[in-house]
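One structure is given here, and the rest of the page talks about it.
Predicted, not measured: the structure shown is a model, and the values here were computed from it. Order of the sequence lines fixes the chain letters, A, B, ..., with proteins taken first and strands second; residue numbering starts at 1 for each chain.
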Amino acid sequence: MELPKWDNKVQYLLTCIGFAVGLGNVWRFPYLCQIYGGGAFLIPYLIALVFEGLPLLYLELAIGQRLRMGSIGVWNSISPLLGGVGIASMLVSFLVGIFYNTILAWVLWYLFHSFQNPLPWSQCPLNDNLTGYNVECEKSTPVNYFWYRETLNITPDIETSGSLQWWLVICLASAWCVVYICFIKGIESVGKAVYVTATFPYLVLTIFLIRALTLPGATDGLVYLFTPDWEILKNPQVWLDASTQIFFSLSVAFGGLIAFSSYNEERNNCERDAVLVGVINSATSLYASIPIFAILGFKATTAYNSCIKGYVCTHTLCNSKASFVFLFDTNEADSFYISSFMLPHYFLASLPQSASGTGLAFIVFTEAVIEMPGSQIWAILFFVMLFSLGLSSMFGNIEGVLTPINDLKLVPKWIPKELLTAIICLVAFLTALIFTLGSGNYWVEVFNSYVGSVPLLIIAFFEITGVIYVRGMKNFSEDIYFMTGNRPNIFWKACWMVISPLMLLVVLIAYVVVQAQTTPSYPTWNPAYVSKSRVLTWRLKPYPDWVFAIIILLCVLPVISIPLVALYKLICCRIKKSSARTDLNPYCNDGFEVETREQQNQRA
Amino acid sequence: MLEKILVLLCLPSALAQHLCTPGASDGYKVRLSIKTALGDQAYVWNENEMFLFRATLAFAMRTHFNGQMYNVSNIVVCDETPRVSFWFVVTSPLDTSTLVDRKDVEEAVRKSRNRINSAFLLTDKTLEFIGIAPTLAAPVYPDPPPWLIVFGVVMGAVGAGIIILLVTSVLQKKRKKNEKSEGEDDEEDTRVKTVENGTASDGVYNMSFSDDERFTKM
């Protein structure tokens with residue numbers, strides 16, 4: 001069985017870029033940019049990129065390319081005590097992969113529904129006796145109703161589980177089938193799939209950019225996004241969010257990047273690759289925020305114009321401050337009073353939490369798409385783009401699970417890799433069925449906020465200290481000299497030895513402290529609850545204790561393997577101390593020995 | 001004598017007029033917004049238009065109650081305003097002093113709503129019967145729903161792709177096995193172990209050995 005390799009350099013780069021560029025670049029970065037005062041946010045963001053993101057990225061790519069194994073093999077090679085880091089990476093990749101693919105299932109659901117005219121989220125369905133619109137839909141908006149009721153069929157809170165929603169189950173099954181077909185031949189098929197999945201989003205973003213800039217109100221959104229608010233730099237929360245955003249955006253510590261670079265040829269300039277991937281990731285975030293905010297500006301202007309003309313406000317943004325909007329009868333010529341601050345800027349400023357994450361894609365953006373002429377095409381393009389972005393990130397997650405399993409040599413040789421991939425996809429699909437329950441969205445939020453945050457920071461910290469201090473800076477420099485022909489310069493050395501571990505530690509502690517200070521709560525959608533303004537919208541509720549226990553378990557479970565494996569290896573070593581040394585030595589090569597034995601057997 | 005006849009003739013209509021009051025329990029308020037609906041082409045509301053209204057309403061009552069002969073005189077109108085709104089009640093054709101029940105009037109109007117609207121070139125929104133909610137047009141739900149069709153197409157393509165790829169890889173492996181068994185028969189004598197060292201994956205890549213190679217610059 002030969003070691004798999006990339007067909008060419010472009011495949012490798014596209015795969016890494018596809019892994020790094022994901023849904024977060026489109027729906028997390030623009031939101032952060034906007035709430036942290038636009039242009040000023042770029043400063044902490046770029047500083048975090050240069051001092052934290054790029055060194056970590058370079059480290060992972062270099063170590064994977066040098067040791068030519070997946071995450072478990074690499075850490076076992078550096079030191080048997082560090083084997084737990086690989087297992088932690090594998091567990092985190094698996095846990096993140098299952099909820100990430102659920103989001104892709106939701107994207108598929110919206111994509112399938114984009115082929116209808118009119119779009120199903122543009123109007124409310126009728127109630128039972130056909131005399132009016134559905135009550136829940138009237139109290140909120142058609143877009144909210146379609147997302148919370150017709151897609152998720154969400155329960156009032158996380159404690160009510162509800163039942164499996166069959167339509168989500170089949171969408172989830174199709175998402176996993178698409179992942180499987182791309183992975184069927186390992187990186188040979190992945191390498192071909194990324195030609196499409198990694199480049200298509202850029203094409204769609206460009207089309208959206210051109211379209212969005214021609215919409216009325218686009219400039220309002222852009223001005224609002226990029227107006228720098230220098231005061232914001234004094235707030236430590238900004239620096240924390242910039243660092244975490246860079247860290248999670250680059251997809252380090254998943255083990256996927258190590259696996260991808262291990263399939264490279266030995267003498268490849270990984271320094272250039274790392275800088276390229278990091279810069280392209282940040283540039284994509286910036287590039288994506290322009291059409292997103294142009295479209296949000298257009299949406300705000302449309303809502304403002306509707307309110308001015310005196311029609312009943314049914315947009316999300318209107319409803320957020322509905323007490324100031326007077327509903328009035330179009331037949332009566334009575335005058336009404338519009339509050340003086342109802343300008344488009346006001347609508348942008350009241351962008352609630354819904355402007356990030358699933359709220360942006362499935363509520364805010366779908367509402368904007370209805371107003372654009374030719375809505376179906378824009379909706380289809382948008383959801384195919386989201387699907388490509390998510391799929392290329394899923395490749396990294398699955399690779400972070402598959403390669404360590406091969407490293408562990410748990411699987412007997414006679415099982416072909418297609419079967420192994422199928423088993424992994426099937427297990428993941430069955431585990432992800434919890435996200436198709438009525439309370440599924442709440443569980444996705446739990447996983448998103450807690451699994452994909454603290455464990456990754458801890459793993460990254462152990463990675464960097466493991467390579468620099470356990471393997472040694474000198475050895476690592478020699479590795480890089482072997483691969484690229486140059487030793488790493490003083491900038492990289494300073495970052496690896498001091499700056500990056502320090503930044504990671506500070507970010508980790510600050511993150512945990514901030515999380516511990518606020519009682520964790522989550523937005524719920526309860527049709528029975530109606531706010532003072534008689535409008536149905538989401539409402540924050542604190543997590544119950546048992547969910548909190550599960551959260552702690554999710555944070556601790558991946559990371560616990562690091563000390564556990566270290567302890568296990570220490571105990572084993574002490575027992576085996578008297579037996580033959582298993583260290584590698586230049587004159588004892590297992591491969592050579594096995595062949596001579598085979599030779600003897602065959603000659604005999 | 002003539003005066004008595006006149007009084008007798010006027011009495012029913014006077015009585016009926018008495019039955020119609022704004023806020024009557026069996027009456028409905030009607031509001032028309034002709035200018036909003038038709039803009040420049042709005043017609044003037046006059047006695048003739050009112051006659052047409054009463055006639056169409058009588059038509060609606062006749063359609064609903066098959067057999068009962070409603071006449072224009074059975075529709076009594078009062079409290080007209082110039083922005084065109086008024087109240088009406090419907091008297092029974094059999095006894096002009098009793099009113100037809102509210103529910104029946106509502107059903108009759110709802111049944112023929114479309115005809116009443118088109119007689120005046122108006123819509124449900126611009127010709128309002130306050131209290132009678134318009135029955136909204138039932139939306140067309142094609143069966144099977146279109147999203148299932150798209151899903152079927154996508155899943156069919158993906159499933160076919162998976163099967164094709166699996167079958168080709170199985171066939172490839174079988175072909176390799178046949179070639180290998182043929183190859184082994186030929187090469188039994190001329191095997192060179194050292195050359196095959198690189199492709200055999202049983203060996204462990206030994207870093208220290210390759211490092212030595214580089215350092216010993218002789």
Side-chain angles (χ1 to χ4, degrees), chain A residues 1-3 66-69 77 108-109 111-117 120 123 125-127 129-133 167 170-171 173-174 177-178 180-181 184-185 189 266 330-333 416 418-419 422 475 478-479 481-482 583-596 598-599 602, chain B residues 31-33 35-36 83 85 110 125-126 128 132-139 141-142 145-155 157-166 168-170 173 188 191 193-194 196-215:
Chain A
M1 194 167 76
E2 22 173 273
L3 281 171
R66 186 70 184 96
L67 298 179
R68 314 187 71 70
M69 278 183 280
S77 300
L108 272 185
W109 165 263
L111 177 64
F112 294 152
H113 277 85
S114 303
F115 287 92
Q116 289 173 6
N117 185 21
Q123 57 198 17
L126 299 177
N127 61 15
N129 54 5
L130 299 185
T131 52
Y133 295 112
W167 56 90
I170 61 176
C171 285
S174 37
C177 283
V178 173
Y180 177 59
I181 196 178
I184 207 164
K185 285 190 189 292
S189 47
E266 278 220 283
T330 50
N331 285 326
E332 285 167 18
E418 289 93 351
L419 188 59
N475 279 338
E478 293 306 325
D479 290 331
Y481 177 66
F482 174 67
D583 289 355
L584 291 170
N585 105 45
Y587 306 104
C588 173
N589 184 332
D590 287 338
F592 198 62
E593 258 174 60
V594 169
E595 279 166 357
T596 47
E598 262 185 355
Q599 232 174 356
Q602 260 147 355
Chain B
R31 196 191 284 158
L32 289 99
S33 318
K35 278 231 180 66
T36 321
R83 278 186 20 120
S85 71
R110 212 184 244 152
K125 276 221 167 93
T126 41
E128 289 171 78
I132 303 180
T135 309
L136 299 165
Y141 287 126
W147 75 268
L148 269 180
I149 300 175
V150 182
F151 164 76
V153 167
V154 169
M155 272 304 271
V158 169
I162 290 178
I163 294 175
I164 291 173
L165 283 172
L166 283 176
T168 49
S169 71
V170 164
K173 281 203 179 122
E188 212 178 21
R191 248 190 311 196
K193 271 300 172 189
T194 45
E196 283 180 82
N197 196 4
T199 53
S201 55
D202 296 325
V204 171
Y205 191 85
N206 189 329
M207 265 68 64
S208 26
F209 197 65
S210 54
D211 279 346
D212 276 342
E213 188 182 59
R214 227 172 6 89
F215 284 138

Spacing of OH belonging to A:Tyr180 relative to CG belonging to B:Leu166, to within rounding of 0.5 Å: 4.5 Å

Part of B:Lys35 within contact of chain A (heavy atom distance under 4.5 Å): neither

Spacing of A:Ile184 atom CD1 and B:Thr168 atom OG1 [to the nearest 0.5 Å]: 8.0 Å

Heavy-atom closest contact (A:Gln116 atom, B:Trp147 atom, distance): NE2-N, 4.1 Å

Structural part of B:Leu148 lying under 4.5 Å from a heavy atom of chain A: side chain

Region of A:Ile181 in contact with chain B, defined by heavy-atom distances below 4.5 Å: both

A:Ile170, part contacting chain B, at a heavy-atom distance under 4.5 Å: both

Atom group of B:Val153 that falls short of 4.5 Å from chain A, counting heavy atoms: neither

Contact origin within A:Trp109 toward chain B - heavy atom pairs under 4.5 Å: side chain

B:Phe151 and A:Phe112 aromatic ring geometry - parallel, tilted or perpendicular at 30°/60° bounds: perpendicular

